[in-house]
Amino acid sequence: MGRFDGQVVWITGGGSGLGAAMARRFAAQGAKVAVSGRRADRLEEVAAAIRAGGGEALAVPVDVVDEAAVQAAVGLIVEKLGGLDVAVANAGYGVMGTVERLTDAAWRKQLDVNVFGALNVVRHALPELKKSRGRVALVGSVAAFANPPSNAAYSASKAAIRAIGLTLSAELGGTGITCTTIHPGFVASEIGQVDNEGVFHADRKDPRPKALMWATDDAAKVMVDAIAARRREFVFTGHGKLVVLLSRLAPGLLAALVAKTAPKRSRATDPSPARA
Ligand SMILES: NC(=O)c1ccc[n+]([C@@H]2O[C@H](COP(=O)([O-])OP(=O)(O)OC[C@H]3O[C@@H](n4cnc5c(N)ncnc54)[C@H](OP(=O)(O)O)[C@@H]3O)[C@@H](O)[C@H]2O)c1
């Protein structure tokens, strides 16, 4: 018997990285899984692998920025899989560039996908989750607690996710639905190969420090455990926990540490044209 036997789980950003690994993990624990993202071929691969292993999975291509499409996706999942018990707003990417140089367009796209995309998912999943007294999960980042150079847009988007998630937890009190806001540290995925336009490049080198990176399946395990336990907020990787601790107890030290490691990165990866 799996922990999620017969439950319907919807994961955005389910075609790669953390989302695909969570989909496999939920499916292994008995869930019927729907995966969403923009690239239908990647979603089909994930769904087909789950089906090949004896599970039930549905690929539901959707751009989370498109609210009507998100609403339609929820309708399709309920129709095909019979309801909705867990919605994981995981789709996201990272815009890099200094505050001085990053354009409004880049800022807007970052906030559109990471913040408004998650809000679309939450708003349209909640009516179904009310019926199942289910779970919603938002994927933030330890970047919400640290502010290295060239990371303002991403950190701001994840700080917004934290505020939304914790507020939602309070608003849902007594309804039987819970919200789990998850802040990963570095995890192996494709996020480091995605450009400021949100486009994946297979040949792009991930600039993140490999030594600090968790394996994707290990991350999915603790994320699914946190959602199963209806945790309010969950931070993981040892380094991620340390960042959050330092942000509370020694913010000056944390600022000095991230500033020390980041200038190289900002020069190397700031592709944004100067503001007019
Ligand atoms: N890996 C880490 O170290 C780390 C650390 C902290 C937080 N996170 C967060 O974890 C989440 C998952 O990222 P990941 O690391 O697993 O990276 P990833 O492998 O690049 O996965 C991100 C997924 O989001 C989807 N996505 C992007 N824009 C979308 C849009 N507009 N509509 C629908 N789907 C969209 C992508 O699919 P399509 O391109 O097909 O749309 C992709 O499958 C993100 O929110 C990220 O910020 C990751």
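We count ligands from 1, going down the list as the structure has it; atoms in each ligand are counted the same way. For reference, positions follow the sequence shown, starting with 1.
The single protein non-hydrogen atom nearest to atom 32 (N) of ligand 1 is V64 N, 3.0 Å, given as residue, atom name and distance. Of the protein's non-hydrogen atoms, S16 OG, 3.1 Å is the one closest to atom 21 (O) of ligand 1. G13 CA, 3.6 Å is the protein heavy atom nearest to atom 25 (C) of ligand 1. At the top of the distance list for atom 26 (N) of ligand 1, counting protein heavy atoms only, stands A91 CB, 3.9 Å. Of the protein's non-hydrogen atoms, the one nearest atom 12 (C) of ligand 1 is N90 OD1, 3.2 Å. The nearest heavy-atom contact from the protein to atom 27 (C) of ligand 1 is R38 NH2, 3.6 Å. The protein atom (non-hydrogen) at minimum distance from atom 22 (C) of ligand 1 is G92 O, 3.5 Å. Counting only heavy atoms of the protein, atom 37 (O) of ligand 1 lies nearest to R39 NH2, 3.6 Å.
Between the side chain of T180 and the backbone N or O of A137 there is no donor-acceptor pair closer than 3.5 Å. Side-chain atoms of S155 never come within 3.5 Å of backbone atoms of A152 as a donor-acceptor pair (strictly under, hydrogens ignored). K158 contributes a side-chain N or O that, together with a main-chain N or O of V139, makes up a donor-acceptor pair within less than 3.5 Å. Checked by atom type and distance alone, the side chain of Q7 never pairs as donor or acceptor with a backbone atom of A31 at under 3.5 Å. With hydrogens and angles disregarded, no donor-acceptor distance shorter than 3.5 Å links the side chain of E56 to the backbone of G30. When atom types are taken as modelled, the side chain of T216 and the backbone of S189 share no donor-acceptor pair closer than 3.5 angstrom. In this structure, R135 contributes its side chain and I227 its backbone to a donor-acceptor pair below 3.5 Å.
Residue-environment remark: CZ (F116) stays at or below the threshold of 12 foreign heavy atoms within 6.0 Å. In the displayed structure, R108 atom CZ is contacted under 6.0 Å by at most 12 heavy atoms of other residues, nucleotides or ligands.
A salt bridge is defined here as a Lys NZ or Arg NE, NH1 or NH2 lying under 4.0 Å from an Asp or Glu carboxylate O, and K221 with D225 meets this definition. Taking the charged nitrogens against the carboxylate oxygens, R204 and E190 have no contact shorter than 4.0 Å, which rules out a salt bridge. Between K32 and D85 there is no salt bridge, since none of the side-chain N atoms of the basic residue sits less than 4.0 Å from a carboxylate O of the acidic one.
Put simply, no part of T12 is less than 4.0 Å from ligand 1, judged by heavy atoms. At a 4.0 Å cut-off, at least one heavy atom of Y154 sits close enough to ligand 1 to count as contact. Assignment of A20 to the shell around ligand 1 is not supported, since no heavy atom sits closer than 4.0 Å.
Taking only non-hydrogen atoms, the option from G17, S141, G185, A143 nearest to atom 4 (C) of ligand 1 is G185. Nearest residue to atom 20 (O) of ligand 1 from T216, D63, N120, I191 is I191 (criterion: closest heavy atom).
At least one N or O atom of V187, backbone or side chain, sits closer than 3.5 Å to an N or O atom of ligand 1.
Only the side chain of K158 comes within contact range of ligand 1, with a heavy atom under 4.0 Å; no backbone atom does. Under 4.0 angstrom from ligand 1, the non-hydrogen atoms of V62 all belong to its backbone. Of the heavy atoms in R208, only side-chain atoms (C-beta onward) come closer than 4.0 Å to ligand 1.
The aromatic rings of W214 and F236 lie tilted to each other, with the angle between the two planes from 30° to 60°.
Interface atoms of ligand 1 facing S189, defined by a heavy-atom separation under 4.0 Å, are 1 (N), 14 (P), 15 (O), 16 (O), 17 (O), 19 (O). For ligand 1, the atoms sitting less than 4.0 Å from at least one non-hydrogen atom of V113 are 28 (N), 31 (N), numbered in the order shown with element in parentheses. Close approach of ligand 1 to V139 is summarised as follows: ligand atoms under 4.0 Å from at least one heavy atom of the residue are 9 (C), 10 (O), 11 (C). Within the listing of ligand 1, atoms 10 (O), 16 (O), 48 (C) sit less than 4.0 angstrom from a heavy atom of L18. Atoms of ligand 1 lying under 4.0 Å from at least one heavy atom of F186, given by number and element, are 3 (O). Taking every heavy atom of P184 and a limit of under 4.0 angstrom, the matching atoms of ligand 1 come to 5 (C), 6 (C), 7 (C).
The side-chain contact (heavy atoms from CB on, under 4.5 Å) test applied to T12 returns W10, S36, V64, N90, A91, V121, not counting sequence neighbours.
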